[in-house]
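Letters A, B, ... mirror the listed sequences (proteins, then strands); counts begin at 1. The basis for the numbers below is simple: all heavy atoms, side chains too, and nothing from hydrogens, waters or symmetry mates. Note that the structure is a prediction, hence the values are computed from the model and not measured.
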2 protein chains.
Amino acid sequence: MPDQHSTLRAQRRAETQRVIQAHAVRLFTGHGYDATTVADVAEAAGVSPMTVYRHFPTKEDLVLVDQHARLVAERIAASSAAQPLVRRIGSALIDAATTLTSGGSGNSGDSPTTNEQFLLARLRLMISTPALRARHLDNNYALQQAIVDALGDGATDSDTAFRTQAAASACLAAMHTALVRWSEDDGRTDLPDVIAKALAAAFGEGVLGTGPDA
Amino acid sequence: MPDQHSTLRAQRRAETQRVIQAHAVRLFTGHGYDATTVADVAEAAGVSPMTVYRHFPTKEDLVLVDQHARLVAERIAASSAAQPLVRRIGSALIDAATTLTSGGSGNSGDSPTTNEQFLLARLRLMISTPALRARHLDNNYALQQAIVDALGDGATDSDTAFRTQAAASACLAAMHTALVRWSEDDGRTDLPDVIAKALAAAFGEGVLGTGPDA
DNA sequence: ATCGTATTGGTAGTGACTACCAGATTGGTA
DNA sequence: TACCAATCTGGTAGTCACTACCAATACGAT
């Protein structure tokens with residue numbers, strides 16, 4: 001049965017990745033991203049530089065690596081097509097953020113979890129390091145395409161597609177602003193709330209919550 | 001008079017930069033960005049690789065190099081503080097785009113000028129090449145900070161600053177979408193119009209033009 | 001004519017990243 | 001148990017972007 005086979009392999013592989021990434025983020029945070037070489041990360045993780053490149057295609061991916069896109073796309077597809085574009089996208093972003101940060105225990109207010117701490121450390125690196133910031137923004141652009149694909153009913157005309165792109169890009173930009181703010185607050189505020197505030201600031205208070213309840 | 005002095009030097013320097021960049025964009029477009037080395041560009045431009053690095057800090061800057069930011073910031077500062085945020089920023093972006101593309105002759109409709117052709121070639125590279133796209137998006141982020149600074153009356157409270165950030169980022173994202181669309185149309189459409197359409201799609205039709213005339 | 005400065009070029013080096021190849025480990029099989 | 005195939009890992013050598021550090025040259029001003 002190749003299922004069991006690949007599952008065991010995959011677990012070991014995922015664990016190796018986790019260890020390498022943890023050491024990478026720790027070193028990057030401590031000594032700076034540029035000042036830390038891939039060889040340094042490899043040595044700290046107890047593997048060869050080759051192995052690092054096997055698991056992470058580029059040095060930047062040691063920090064980025066998010067499956068965030070899939071999460072958002074799923075929520076988009078599950079949302080009601082009757083609502084306006086910005087609300088559909090905004091709600092999906094907020095829901096995805098809730099899933100990402102809650103992790104399991106409802107810690108609303110302060111005391112971020114270990115999972116959140118790691119997320120925050122990576123976020124801080126992504127914001128302060130030019131190369132990482134650029135790559136992160138490009139990932140956001142890829143997410144935009146995924147959202148548009150999830151929204152598109154297959155073959156929409158060029159003009160509708162353009163409007164969808166514009167709405168999606170603006171929503172994601174607002175979310176990015178929220179992420180920056182959240183990291184500046186060291187995760188003490190509630191991420192979904194910050195995203196909602198950013199969306200409201202950009203599109204007006206009525207974008208979310210004019211529907212039934214809340 | 002040191003004015004004449006530096007002017008002559010600056011002219012020669014600007015001309016050298018122009019030549020290098022022209023060859024770079026030509027080679028990148030023809031053989032691909034990644035497949036073209038800086039040494040190739042230097043050889044085509046008739047200079048040494050060192051000289052290329054003297055004029056352009058990174059290979060990516062051979063394509064990017066825009067003074068767009070300054071243009072936008074000026075329009076922002078000159079706009080009326082009475083209007084809503086999104087309209088102030090949106091109008092500034094549209095005005096700046098008008099200045100950038102018009103160049104001097106009123107060519108509304110088709111037949112892009114040589115200046116526009118060069119702009120389009122760079123834009124196509126920026127969109128299709130991952131590394132350039134990432135850097136371009138990061139430049140947009142820097143422009144966002146410039147806009148916020150131009151808007152901020154000095155010491156605004158944290159919450160107002162956050163709202164400004166959110167609005168500015170969303171506007172710039174819409175503009176980026178417009179730029180993509182414009183390059184897909186090979187510049188046949190009017191760039192300011194496309195930007196206006198993108199802003200309207202993201203923020204609603206009423207954002208621009210509810211004021212007097214137009 | 002001369003001096004200071006800006007521009008250019010060369011050399012050597014670092015570091016990210018990529019083939020190309022060899023050994024080791026693991027899971028399933030005769 | 002012995003064997004096979006796939007995967008994981010490591011090493012070597014090389015490309016390329018980019019950076020000091022240093023010499024030569026051209027240019028503008030006194």
task = Can you label the angle between the A:His136 ring and the A:His176 ring as parallel, tilted or perpendicular, going by 30° and 60°?
result = tilted

Output the rounded distance in Å from [atom1] ([X]) to [atom2] ([N]).
{"X": "A:Glu60", "N": "C:dC17", "atom1": "CD", "atom2": "P", "answer": "7 Å"}
{"X": "A:Tyr53", "N": "C:dA19", "atom1": "OH", "atom2": "P", "answer": "13 Å"}
{"X": "A:Phe28", "N": "C:dA16", "atom1": "CZ", "atom2": "P", "answer": "8 Å"}
{"X": "A:Lys59", "N": "D:dC18", "atom1": "NZ", "atom2": "P", "answer": "14 Å"}
{"X": "B:Gln17", "N": "C:dA6", "atom1": "CD", "atom2": "C1'", "answer": "14 Å"}
{"X": "B:Leu62", "N": "D:dA17", "atom1": "CG", "atom2": "P", "answer": "10 Å"}
{"X": "B:Asp34", "N": "D:dT15", "atom1": "CG", "atom2": "P", "answer": "17 Å"}
{"X": "B:Asp40", "N": "D:dC16", "atom1": "CG", "atom2": "P", "answer": "8 Å"}

(request) Give one of base, sugar-phosphate or nothing for A:Arg54, where a contact means two heavy atoms less than 4.0 Å apart. (result) base

TODO: Check every strand shown and say whether B:Pro49 touches a base, only sugar-phosphate, or nothing at a heavy-atom separation below 4.0 Å.
DONE: nothing

Subject >> Side chain proximity check, A:Arg122 to A:Gln21, heavy atoms < 4.5 angstrom >> reply: yes

Checklist entry - Do A:Trp182 and A:Glu116 have side-chain heavy atoms sitting under 4.5 Å apart? => result yes

query: Between B:Ser183 and B:Asp186, is there a donor-acceptor pair closer than 3.5 Å when you use the side chain of the first and the backbone of the second?
result: no

> Do side-chain atoms of B:Lys59 reach the backbone of B:Thr36 as a donor and acceptor pair under 3.5 angstrom?
Replying inline: yes

Side-chain atoms of B:Thr16 come closest, of C:dC17, C:dT8, D:dC8, to C:dT8

Tightest non-hydrogen contact, residues A:Ala170 and B:Ala202, listed as CB-CB, 3.9 Å

Check: Within the pair B:Arg13 and C:dT7, is there a side-chain N or O less than 4.0 Å away from OP1 or OP2?
Finding: yes

**Prompt:** Is the phosphate of D:dC8, meaning OP1 or OP2, less than 4.0 Å from a side-chain N or O of A:His55?
**Reply:** no

Check B:Glu15 with B:Arg12, please: is the shortest side-chain N to carboxylate O separation under 4.0 Å? no

Comparing B:Met50 with B:Thr36, nearest DNA chain D nucleotide closer to 5' gives the residue B:Thr36

Note: contacts of residues 127-138 of chain B with DNA chain C (heavy atom, under 4.0 Å) are none

Using Watson-Crick geometry (N1-N3 plus N6-O4 or O6-N4) or G-U wobble (N1-O2, O6-N3), each under 3.5 Å, D:dA6 is paired with C:dT25

